[in-house]
Amino acid sequence: MTDGVRHDWTLDEVEALFAMPFMDLVFKAQTVHRAHFDPNRIQISRLLSIKTGGCPEDCSYCPQSAHYATGLDKERLLAVEEVIEAARKAKDEGASRFCMGAAWRGPKGDDFQVALAMIEGVKGLGLETCASFGLLSREQARQLKAAGLDYYNHNLDTSPGHYGEIISTRSFEDRLETIGHVQEAGLHVCSGGIVGMGEKGSDRAEMLIALANLPQQPDSVPINLLIPIPGTPLAEVERPDPFDFVRTIAVARIMMPKSFVRLSAGREGMTEEMQALCFLAGANSVFCGEKLLTARNASPANDKSLFGRLGLAPL
Ligand code: SAM
Ligand code: DTB
Ligand code: SF4
């Protein structure tokens with residue numbers, strides 16, 4: 001417990017948190033939240049897909065995998081100037097962090113050099129930079145840091161036990177190795193997962209344990225609600241109980257008290273009341289903007305009105 005947070009969570013303990021009466025759990029999470037954060041401020045990130053579609057990986061949730069007919073066109077890597085222009089606009093619209101995602105197994109060759117130039121350019125605008133480029137070698141993580149990258153997003157996505165049901169082209173251990181390279185390079189880690197992929201309650205607990213028990217907890221923890229994509233194997237999976245989703249946020253907040261917990265994909269389909277419950281349970285970060293990477297996000301006008309009505313101010 002060198003950094004004041006626990007890295008030794010057990011399954012029994014975490015399942016006991018999930019089993020608490022909802023009111024007690026949310027109260028506990030909000031109490032932890034207030035010990036570390038201003039409860040009326042949220043961090044706002046903006047996403048841009050710099051390379052869309054045609055991904056060689058087979059992640060069963062993803063619209064961008066080349067393995068599934070999702071109707072998404074494969075696009076070329078954007079030009080550096082296009083990305084900088086989008087970042088400038090995002091900054092004007094209130095984002096503090098600009099996150100660039102690419103449909104790659106990992107960065108390669110000239111494309112990686114172009115991506116490094118994008119990071120330098122976005123950093124030059126005074127924004128925090130984040131990248132989500134897939135698996136990284138130790139050297140690539142070091143080069144990203146040198147280019148001015150602040151955060152690297154690499155999700156564990158689900159529990160170690162459920163992982164094989166969702167992705168076959170890379171392993172849970174591959175993901176952990178990349179997170180290790182990112183931490184060694186001195187980059188902030190953004191890592192979380194998805195709820196609603198047919199996982200059991202114990203899988204949600206195991207996923208949060210894998211995140212919280214990392215040698216250093218991720219600075220940012222995106223909790224995504226699956227956006228079911230027609231054409232993917234998970235298109236018809238049953239939607240989880242909304243209160244179970246809120247519980248996942250609350251337990252993440254309690255286990256990772258100093259991390260930003262991001263209410264990520266899936267906000268578009270949530271009621272305003274459910275989003276407010278997620279904020280009460282300790283979520284203090286969101287993606288804003290019309291689009292996530294390829295999917296529709298909550299509308300910016302709606303977000304402005306919702307945050308105003310809740311008295312939530314951007315960080
Ligand atoms: N290719 C890189 C990778 O997988 O690390 C970066 C981009 S990938 C789209 C980033 C994350 O988006 C995934 O790890 C997953 O958690 C999330 N994601 C993708 N499709 C989603 C969906 N349909 N619903 C919710 N989250 C999704
Ligand atoms: C994360 O956890 N969620 C974001 C970001 N990290 C890269 C991506 C969500 C993608 C949702 C589906 C899409 O837009 O294609
Ligand atoms: Fe590719 Fe990332 Fe989508 Fe997996 S989640 S198919 S690695 S873009």
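All heavy atoms count here, side chains included; hydrogens, waters and symmetry mates do not. Order of listing sets the numbers, starting from 1, for every ligand and every atom in it.
- The residue Met100 has no part lying near ligand 1, judged by heavy-atom distances below 4.0 Å.
- Residue contacts with ligand 3 do not include His67, since none of its heavy atoms lies under 4.0 Å from the ligand.
- The heavy atom nearest to atom 14 (O) of ligand 2, considering only Thr294, Asn153, Ile194, is found in Thr294.
- Cys59 does not count as a contact of ligand 1, since none of its heavy atoms falls under 4.0 Å from the ligand.
- With no hydrogens or angles considered, a side-chain donor-acceptor pair links Thr129 and Asp150 at under 3.5 Å.
- Between the choices Gly193, Gly266, Cys99, Ala102, the shortest heavy-atom distance to atom 1 (N) of ligand 1 belongs to Ala102.
- When the options Val195, Ile227, Ile229, Asn153 are ranked by their closest heavy atom to atom 24 (N) of ligand 1, first place goes to Ile227.
- Ligand 1 places these atoms under 4.0 Å from at least one heavy atom of Leu226: 24 (N), 25 (C).
- The closest approach between any non-hydrogen atom of Gly101 and ligand 1 is not below 4.0 Å.
- For the residues His154, Lys51, Arg175, the heavy atom positioned nearest atom 3 (C) of ligand 1 is part of Arg175.
- Side-chain contact, Asp157 with Tyr61: a donor N or O sits under 3.5 Å from an acceptor N or O.
- Remark: minimum distance from atom 10 (C) of ligand 2 to any protein heavy atom is reached at Leu293 CD1, 4.2 Å.
- Protein N, O or S atom count below 2.8 Å of atom 1 (Fe) of ligand 3: the structure gives 1.
- Looking at ligand 1, you'll find an N or O of Asn155 within less than 3.5 Å of one of its N or O atoms.
- By the 4.5 Å side-chain criterion applied to Ile, Leu, Val, Met, Phe, Trp and Tyr, Leu293 is assigned to a cluster that also includes Leu47, Ile227, Ile229, Phe287, Leu292.
- Annotation: Asn224 places an N or O atom under 3.5 Å from an N or O atom of ligand 2; distance criterion only.
- For atom 2 (Fe) of ligand 3, the closest non-hydrogen atom on the protein side is Arg170 NH2, 4.4 Å.
- In the vicinity of Pro63, heavy-atom distances shorter than 4.0 Å reach the ligand 2 atoms 15 (O).
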